[in-house]
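The sequence lines fix the lettering, A, B, ..., with proteins before strands; numbering per chain opens at 1.
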There are 2 protein chains.
Amino acid sequence: MLHMGNKDDDTLSGEERLIARYFRPLATHPGALALSDDAAFITPTKGHDVVLKTDAIVGGVHFFADDPADAIAKKALRVNLSDLAAKGAKPRGFLLSLALPESIGAEWLEKFAAGLGDDAKAYDCPLMGGDTDRTPGPITISIAAFGEVPHGLMVRRRGAQPADHVFVTGTIGDAVLGLKLCRNQSAGQHFKLDASSSSYLIDRYRFPQPRIGLAETVRIHATAAMDVSDGLVGDFGKLCRTSGVSAEIEVTRIPLSAAARAALAIEPGLFTDMLTGGDDYEIVCTAPDDRADAFIKAAEVRGIALTDIGRVVAGQGLPRFFDGEGRPMTFKQTSYSHF
Amino acid sequence: MLHMGNKDDDTLSGEERLIARYFRPLATHPGALALSDDAAFITPTKGHDVVLKTDAIVGGVHFFADDPADAIAKKALRVNLSDLAAKGAKPRGFLLSLALPESIGAEWLEKFAAGLGDDAKAYDCPLMGGDTDRTPGPITISIAAFGEVPHGLMVRRRGAQPADHVFVTGTIGDAVLGLKLCRNQSAGQHFKLDASSSSYLIDRYRFPQPRIGLAETVRIHATAAMDVSDGLVGDFGKLCRTSGVSAEIEVTRIPLSAAARAALAIEPGLFTDMLTGGDDYEIVCTAPDDRADAFIKAAEVRGIALTDIGRVVAGQGLPRFFDGEGRPMTFKQTSYSHF
């Protein structure tokens, strides 16, 4: 198999040269050995655990094949960083596994590597190694990301306690609207969205914002946390189930962007999609009452909105979502599933 | 995205049930959290580095789509373990990223998980987490494996010194013959191979034997090492180049299996393919003269053949391979490349 950067320069193909040229600059960690060995190494920080995460994205499934290559790269890395953030982990590096169809050429790879490099730098998460293969199928990008937490302190889905407050970062439901706009160009007109609102929502779909800046704060304050990748209702349901609790959520408190509120005003039925669609990449977490204020303030200092949307309650059932009139909502499908 | 084991039991699809049923038993490490969280963690052994490796295999590229599912699983893991072994690392765990076409059903997944589980146990390398996605393309399996070495002691491609002996484990060239037999059923007759020789060679292609049992020995004795995945000539050339040395190899000393020797007797032209084809997954490494005997004996104790095939020499050129009459051999292509 072809490993990045392991070809003799004098026998490099055009794309192999690109790999050496564009991916090697991303391998800034000394343990990446400039991608010139078969494996990499990291020296763990004393007293810390290594947090492990892998997520793949597939062309035509998680992104459109004609999406900009740099956006695809960023999404591939960010969906993994989002999990590290929710687990309270500081990113240390990642491995990249790329399966590329014949049609992918130098221009795409250059742009892909540039996007990946920007994010590796922005999130202080260098490329440690990789593997590149041909595929007769669509572009498939699998990333394994590594972070660190002080020993034993990875924030888990388990840990939410009755009376804990339930928090979400940022805003919910933008990405599912962005996806609708990507799929159907007339949707923007239908929802009476101006150009900036449309492009905001599309960006929210294309460019997840992993809340790495909040990782340490989550680790300090949260009793349980996970990232919202498959829809708030279903994902928070998993957290409750793993914690052995239920919860009561007031949907009117769920934070929405101005663009999402504008679309909702025209088409109220979108709300269910927004709560059960995927790709938010926000953090949903729980924290005790006596920490709630400190948690919100610490997030504010870091420039990340953290909104209290309800309370954990004792019980084993799925969390209940109440509308503005206090009526429980029901959902046919609580989250996105490929299967 | 769908993460393994994160669905509510009462809303599981058939395949999701399979994931919970067949993959969860592989997640024996406490830090894998029974695949019921978004990430896993390992607590590094004090004073050790974590070695990182990823390799993917793609249906129709690295294996035949109708290969047995358990064999595919084993190959996916073993190609990664082979690198860990060559780097002197003890496996600690792996992440699995699976992209599956619609046609893959319960039977395939069950067999795949069984094969993976056998190897996870045999190599003491538990499944730590994973991601499963649909793909309109072929089965794509990306594994990221983690091992450990005492701090600073990962064996690298760099480090070979003039006068070092050059060693290879096991036998070379079997897999490329096995691949020929898989591709062309009449090849066995053409090479006058009996059934057991043919199936031996096919097994060598399908089931790489990562030399994990030799990892510590390599770490203690070798000055440089890598696994042979793209052909001995090309791969050892990379080791020499990274080490800034050349070498002189006597090809008559390169260890061959009885089955390979039988095929060679009929078709001497196969020899070049055997030295430059891929998928050997043996270790090529170098060790000082005063350690050579101890190295061979230590390998013998572990039941792994280690053969001295030549010497490192000063110089920057590609290693030279000499035939039985002392004539230098030339190779049109030194290793396998997908690009």
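Of the listed residues B:Ile42, B:Val51, B:Thr135, the one with more heavy-atom pairs under 4.5 angstrom with chain A than any other is B:Ile42. The candidate from A:Ala86, A:Pro136, A:Ala99, A:Gly47 with the greatest count of non-hydrogen atom pairs under 4.5 Å with chain B is A:Pro136. For the set A:Ala40, A:Gly137, A:Ala144, A:Ala89, the entry with the most heavy-atom pairs within less than 4.5 Å of chain B is A:Ala40. For the set A:His48, A:Arg156, A:Met128, the count of heavy-atom pairs under 4.5 angstrom toward chain B peaks at A:Arg156. Contact count versus chain A (heavy atoms, under 4.5 Å) is highest, among B:Val58, B:Leu95, B:Asn80, for B:Leu95.
A donor atom on one side chain and an acceptor atom on the other are not found under 3.5 Å apart for B:Thr242 and A:Ser36.
At distances below 3.5 Å, at least one donor-acceptor pair connects side-chain atoms of A:Lys87 with backbone N or O atoms of A:Ala225.
For a residue to count as touching a neighbouring chain, one of its non-hydrogen atoms must lie under 4.5 Å from one of that chain's; by this rule A:Leu33 touches chain B with the side chain only. In this structure, the portions of A:Thr43 lying under 4.5 Å from any heavy atom of chain B include both its backbone and its side chain.
The pair A:Arg92-A:Glu148 meets the salt-bridge criterion, with a side-chain N (NZ, NE, NH1 or NH2) lying under 4.0 Å from an Asp/Glu carboxylate O. A salt bridge does not link B:Asp131 to A:Lys53: none of the charged nitrogens lies less than 4.0 Å from a carboxylate oxygen.
For the side chain to side chain donor-acceptor pair (under 3.5 Å) test, residues two or more places apart in sequence or in another chain that qualify with B:Ser142 are A:Ser97. Remark: A:Phe64 engages no residue in a ring pair (Phe, Tyr, Trp, His ring centres under 6.0 Å) (not counting sequence neighbours).
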